[in-house]
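One structure is given here, and the rest of the page talks about it.
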Amino acid sequence: MKKTWWCFIFVTWLCLFSFSDARTELKARHTEHLAQYNHTLALILVEYASAVYLSDLTQLFTWTCSRCGHLTEGFEIIELVVDVEHCLQAFVGVAEDPHAIIIAFRGTNGHSLQNWIEDLYWKQHEINYPDMDDAMVHRGFYTAYHNTTIRPAVLGAVERAKKFYGDIQIIVIGHSMGGAMAAFCALDLTVNKQENKVQVMTFGQPRIGNGVFASLYSELIPNTIRVTHDHDMVPHLPPYYYYLPQKTYQHYPREVWLYNIGLGSLAYRVEKICDGSGEDPSCSRSVSGTSITDHLVYYGLDMKSDDPEACRIVTNSYVQNTSIRDSKGNLILSRDPATPFLQLRR
């Protein structure tokens, strides 16, 4: 009897998953002010999203790492935070071009990616924001931003940067789970800090909330681009179920889908700008989300840690000999804007 019951559960799950890519979807309520895709800007921002994965904190903080420079030359990090307990990492800095505060969140590494995929399906959480009744979000992603070392460090750095540079634009970016955290950070800045110049670009981001949340998010932060890549599996998760509108997860707009046409040397990349629904059936939802490889490369850049099997950090001897960790091993490297001296604080 027990074996029969488990077979029934397994078959039911397969049926739900098979219907999850249905082509009927909830529409975002306001799509007339969708973000305009800028290819050149995307190439710049994806470099930041790639660099935040690196484990050498000294090189990253001084912007001398192997993924630093090129289109991001002249970038000045003012805060680098590592939540070792939860394997999270982010930085805040100021770029010359575009002239903006850049906030970048690291995605999951190879080991923890499997963990949160297993927890994706129904763990929704009511978001505690004003005028967002019935908006539900993914508990794990929401908690990763709101209930860790990350949020206070990021908000503090933004405040310091704005005092020095004035009311400049804020651009929030991230890949994979880092994209989910970027969205919650942008919403936090807009709703709770009354910032009105927030732009978001994410790469390979999973769904993070229900249809109500997607609609409200698109109203509050219309200058948002979600870049997806070919058969990347993560943007297909958690699965979308059109017949469960209150419980299902749904993407917010706007998506830009990268995919290749042709074979071998004749192949070329297409950058398709998708509609305003957030779930355009002619974009990434038109293919099966089966590829981890497509998830780990965006615009030809690696989007993974240099040590994907561990949440490892590397520092030089000065950092190692300085007491910078809290009781849980989390650390923050910070400095005042335009100050060249390394400051480490608890």
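These figures come from a predicted structure and were not determined experimentally.
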In the structure I gave you, are the side-chain heavy atoms of T72 and W63 within less than 4.5 Å of one another anywhere?
yes

Assign the ring pair F213 / F184 to parallel, tilted or perpendicular, where the plane angle (0 to 90°) is split at 30° and 60°.
tilted

Beyond-backbone contact of T228 with V234, side-chain heavy atoms, under 4.5 angstrom
no

Would you call the rings of H99 and Y165 parallel, tilted or perpendicular, where under 30° means parallel and over 60° means perpendicular?
perpendicular

Would you confirm whether D134, through its side chain, and V212, through its main-chain N or O, come within 3.5 Å as a donor-acceptor pair?
no

Do NZ/NE/NH1/NH2 and the carboxylate oxygens of D188 and K193 come within less than 4.0 Å?
no

For T58, is there any backbone N or O sitting under 3.5 Å from a side-chain donor or acceptor partner on T62?
yes

Are a donor atom and an acceptor atom from the side chains of S50 and R67 found within less than 3.5 Å of each other?
yes

d(R139 CZ, I208 CD1) to nearest 0.5 Å is 15.0 Å

Using atom types as modelled and distance alone, determine if a side-chain donor or acceptor of H251 lies under 3.5 Å from a backbone N or O of P235.
yes

Heavy-atom closest contact (N223 atom, V198 atom, distance)
CB-O, 4.1 Å

Does the H86 side chain pair with the main chain of L88, one donor and one acceptor, at a distance under 3.5 Å?
no

Quick check: closest heavy atoms across P239 and T248, and the distance to 0.1 Å?
O-OG1, 3.7 Å

Considering all heavy atoms, the nearest L34-G276 contact
CD1-CA, 3.4 Å

Say you draw a straight line from CG of L296 to CG of D302; how long is it, rounded to the nearest 0.5 Å?
8.0 Å

Measure from the side-chain N and O atoms of N210 to the backbone N and O of M136, and report whether any donor-acceptor pair falls under 3.5 Å.
yes

Mark yes or no for whether S277, through its side chain, and D280, through its backbone, hold a donor-acceptor pair below 3.5 Å.
yes

Is it true that Q124 and H138 share a donor-acceptor pair across their side chains at a distance under 3.5 Å?
no

Between the main-chain N or O of S282 and the side-chain N or O of W257, is there a donor-acceptor pair closer than 3.5 Å?
no

Ring-plane angle category for Y298 and H175, please: parallel below 30°, perpendicular beyond 60°, tilted otherwise.
perpendicular

Test item: H229 side-chain N/O and D232 main-chain N/O as donor-acceptor pair under 3.5 Å:
no

Ignoring hydrogens, what is the shortest heavy-atom contact between N260 and D230? Give both atom names and the distance.
N-OD2, 4.1 Å

Mind checking what makes side chain to side chain donor-acceptor pair (under 3.5 Å) contact with T148, not counting sequence neighbours?
none

Measure the CD1-CD distance between I221 and E195 for me, rounded to the nearest 0.5 Å.
11.5 Å

Of all heavy-atom pairs between I103 and C185, which one has the smallest distance, and what is that distance?
CD1-SG, 4.1 Å

Flag for S215-Y252: side-chain donor and acceptor within less than 3.5 Å:
no

Measure centre to centre between the rings of F91 and F75, then say whether the value is under 6.0 Å.
yes

Verify, without hydrogens or angle tests, whether R160 (side chain) and I78 (backbone) share a donor-acceptor contact under 3.5 angstrom.
yes

Answer yes or no: is there a side-chain heavy-atom contact under 4.5 Å between P98 and I171?
yes

Spacing of CD belonging to E73 relative to CD belonging to E47, to within rounding of 0.5 Å
11.0 Å

If the test is side-chain contact (heavy atoms from CB on, under 4.5 Å), which one of Q36, Q199, M201 qualifies with I225?
M201

Would you compute the distance between atom CG of N38 and atom CG of L43 and round it to the nearest 0.5 angstrom?
9.0 Å

Is it the case that over 12 heavy atoms from other parts of the model lie below 6.0 angstrom from the CG atom of N128?
no

Under 4.0 Å between a side-chain nitrogen and a carboxylate oxygen: does that hold for E279 and R207?
yes

Starting from M181, can I reach I332 by hopping between I/L/V/M/F/W/Y residues whose side chains sit under 4.5 Å apart?
yes

State the OH-CG distance between Y142 and L187, to the nearest 0.5 angstrom.
8.5 Å

Shortest non-hydrogen separation from Y53 to G107 and the atoms involved
OH-CA, 3.2 Å

Cation-pi between R335 and F61: NZ/CZ under 6.0 Å from ring centre and within 45° of the ring axis?
yes

Are L258 and L266 linked, directly or through intermediate hydrophobic residues, by side-chain heavy-atom contacts shorter than 4.5 Å (ILVMFWY only)?
no

State, yes or no, whether a side-chain contact exists between E126 and V137 at a heavy-atom distance under 4.5 Å.
no

Between H295 and S176, does the side-chain hydrogen bond (donor to acceptor under 3.5 Å, both in side chains) criterion hold? Intermediate values first, please.
CA-CA 8 Å; H295 182 62; S176 192; 3.0 Å; yes

Tell me whether R254 contacts the main-chain N or O of C274 through its side chain, where contact means a donor paired with an acceptor under 3.5 Å.
yes

Any Lys/Arg nitrogen of E255 or K272 sitting under 4.0 Å from an Asp/Glu carboxylate oxygen of the other?
no

Residue set satisfying side chain to side chain donor-acceptor pair (under 3.5 Å) with Y37, at least two apart, ordered chain then number -> E271, Y299

